[in-house]
Each structure stands twice: as C-alpha cells, then as structure tokens.
There are 2 protein chains.
Amino acid sequence: MRSFSNDNGSYCCDMRGMLGFLILFLLSKKPMHGQEIAEEIARRKGERPSPGTIYPALKSLREMGFIASDEREGKTIVYTLTERGKNALRISKRRFIRTFLGVFP
Amino acid sequence: MRSFSNDNGSYCCDMRGMLGFLILFLLSKKPMHGQEIAEEIARRKGERPSPGTIYPALKSLREMGFIASDEREGKTIVYTLTERGKNALRISKRRFIRTFLGVFP
DNA sequence: TTATATATATCGCATACCCAATATATTATA
DNA sequence: TATAATATATTGGGTATGCGATATATATAA
C-alpha cells in the first residue's frame, strides 16, 4: 500500500482514485483550464499533478460527457461541467459524504 | 477510468485508494474486527469490501505499525489504532480535509 | 524572425488497488 | 462426532491510476 509508505509514520493516503471526483468538484465552482486545475489541486493536496496526470484525466472526463472543453482561447482550453457532469457530481458527492461522515469536523 | 463507467451518467468515483484511510478513521472511533469493519464500510459506501480486500488491507496497516491486532478472542480478532496510527490519521485527515474543502456542506 | 515560456497532448510503464477463488481456523448446531 | 456457519488469511490476476518523458501548439520576448 503505497499510500502509507512514509517511514516516520506521519503520512498516509495519496487519494489515488479521487482525481476525477476532485476535478468535477473544482469545475463545479468555476470553469477552469488544465493548469489552473493542477494549481488548485496543488494548493489543496500540496502536490501538483503532472501534465501526464491531469490531461488524460480531463480527456477521460470529456469522453464520458462529464465536462466540455470550450474552444481554445489563447493558449488555454477552458473546461466546464456539463449537465451530465453536474448530475454525476451530485450523486458522487452524496456517496462521498456518507462514506466519510465524521471525518470533517 | 473505471470510476466513471456507468452509462446513465449518474455514477462516478469508487473511491479506490481510500480504503486504508477509511479503516484508520473507523478504528479511531472504536476497535473493531474485520467483518465489523467491512460491515460499516458497506453501510457507508453501499458496497461491502470482500475478504480478499479487507484482510490484506488490515495486514498492510498492521505491518506498517498503524494498527495492532489484539489476541484472538473467540472467532474474531480485534484491531486497534496504535499511537503511530493515530498520528498518521491525524496528518492524513488534515490533508483530506484541505483537499476536499467545500465538498461537505 | 528567433528564442523562450507556457499550455496542451500522448504514450509507455510501474505499481497499487481490489476482487475472485480458495484455504484454514474457530465456533455453533445437529 | 459431524456439519454448518462465521471469521480470518492468502494468492493470483485484472485493471485503473498516475507519473516520466516527450512532443506539439500557442503566445510572448528579444
């Protein structure tokens, strides 16, 4: 279990598998482009997902119809939640909240 | 991304990778044995982790010194958080809370 | 224009995660 | 005792996940 591998016993859980959820949640607050998302995740997790992480994830979410990429404006491509994505997020959030009930203060 | 594979667009995120964290959290509330933990996770997630999931996870956590297994009492083996585990959980919780800030109402 | 910086994209890969199947141990019941 | 039920344990394997390296595109600076 890589998630718990630090030797001083102070680190656990890299939250593998939550990236898609996190992206959907972040996009539900405001449309963003890739690097913006990576930055926000870095702020929260303390570790910035690499390009090889963030873009395949975005592609996957787009292919599933959860997010839409607006036309390229300048260097960036802005992603927005679709209705389908909003719905998926709503359901997932419920599950998430029920699963981790009590973890939040 | 298996996590988002349902076709009606209502499902996302199986929270793969959070099992260890969840177990630590549950054990922080009260000592439990394997099946008890599986049951509680089932209640929360709606899906019961199989024996092949829960026991290797427990073993891994024990090997890392995060949990201790009390002597077998009857059929069951009760697991408790160690000091090390409490510490790891505290750190992870902080990270978790900061990462998913705003998801909880 | 050329050079540099930033954003996006893809591909291969190691590995972690979890499950199905199976085995063992203990207890309860007939 | 034999049988069933429950709890624990292990192993092999499928697969998703995320990263490193690399490539491309656009924009800005020199």
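Computed over heavy atoms, backbone and side chain alike; hydrogens, waters and symmetry mates excluded. First the proteins, then the strands, lettered A, B, ... as listed; each starts at 1.
- Checking Arg90(A) against Asn87(A) by side-chain atom types alone, a donor-acceptor pair falls below 3.5 Å.
- Here the P atom of nucleotide dG18(D) and the CZ atom of Phe21(A) are 14 Å apart, to the nearest Å.
- Remark: side-chain polar atoms of Arg84(B) are not paired, donor with acceptor, to backbone N or O of Phe66(B) under 3.5 angstrom.
- Residues from residues 31-43 of chain B that place a heavy atom under 4.0 Å from any atom of DNA chain D, listed by number: His33(B), Gly34(B), Gln35(B).
- Distance, Leu19(A) CG to dA16(C) P: 18 Å, rounded to whole Å.
- Shown here for Asp70(A) and Ile77(A), the closest heavy-atom pair between the two residues is O-CG2, 3.6 Å.
- Judged by closest nucleotide on DNA chain D, Pro51(A) is the one of Arg72(A) and Pro51(A) placed further toward the 5' end.
- Side chain of Lys75(A), nearest nucleotide from dA7(C), dC18(C), dA9(C): dA7(C).
- Regarding Ile54(B), its CD1 atom lies at a distance of 19 Å from the P atom of dA21(C), rounded to whole Å.
- Residue Arg16(A) places its side chain closer to dT15(C) than to any other of dT8(C), dT15(C), dT8(D).
- The interatomic distance linking Met18(B) (CE) with dA16(D) (C1') rounds to 16 Å, in whole Å.
- Side-chain N or O atoms of Arg48(B) include none that pairs as donor or acceptor with a backbone N or O of Ile41(B) at under 3.5 Å.
- Remark: Lys59(B) is in phosphate contact with dT10(D), judged by side-chain N or O atoms under 4.0 Å from OP1 or OP2.
- In this structure, the nucleotide among dT10(D), dA7(C), dC11(C) sitting nearest to the side chain of Pro56(A) is dC11(C).
- Pairing each heavy atom of Val103(A) with each of Lys93(B), the nearest pair is O-CE, 3.7 Å.
- Closest to the Tyr55(B) side chain, of the nucleotides dC18(C), dA9(C), dT10(D), is dT10(D).
- In this structure, CG of Leu58(A) is placed 14 Å from C1' of dT10(C), rounded to the nearest angstrom.
- Taking each heavy atom of Pro51(B) and Pro56(B) in turn, the nearest pair found is O-CD, 3.5 Å.
- With rounding to whole Å, Ile23(B) atom CD1 is found 11 Å from dC17(C) atom P.
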Begin from the C-alpha positions of Leu26(A) and Arg44(A) and carry the test side chain to side chain contact (heavy atoms under 4.5 Å, CB included) through to its verdict. CA-CA 11 Å; Leu26(A) 293 178; Arg44(A) 287 168 171 257; 3.7 Å; yes

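- Following rounding to the nearest Å, Glu47(B) (CD) and dC17(C) (P) show an atom-to-atom distance of 17 Å.
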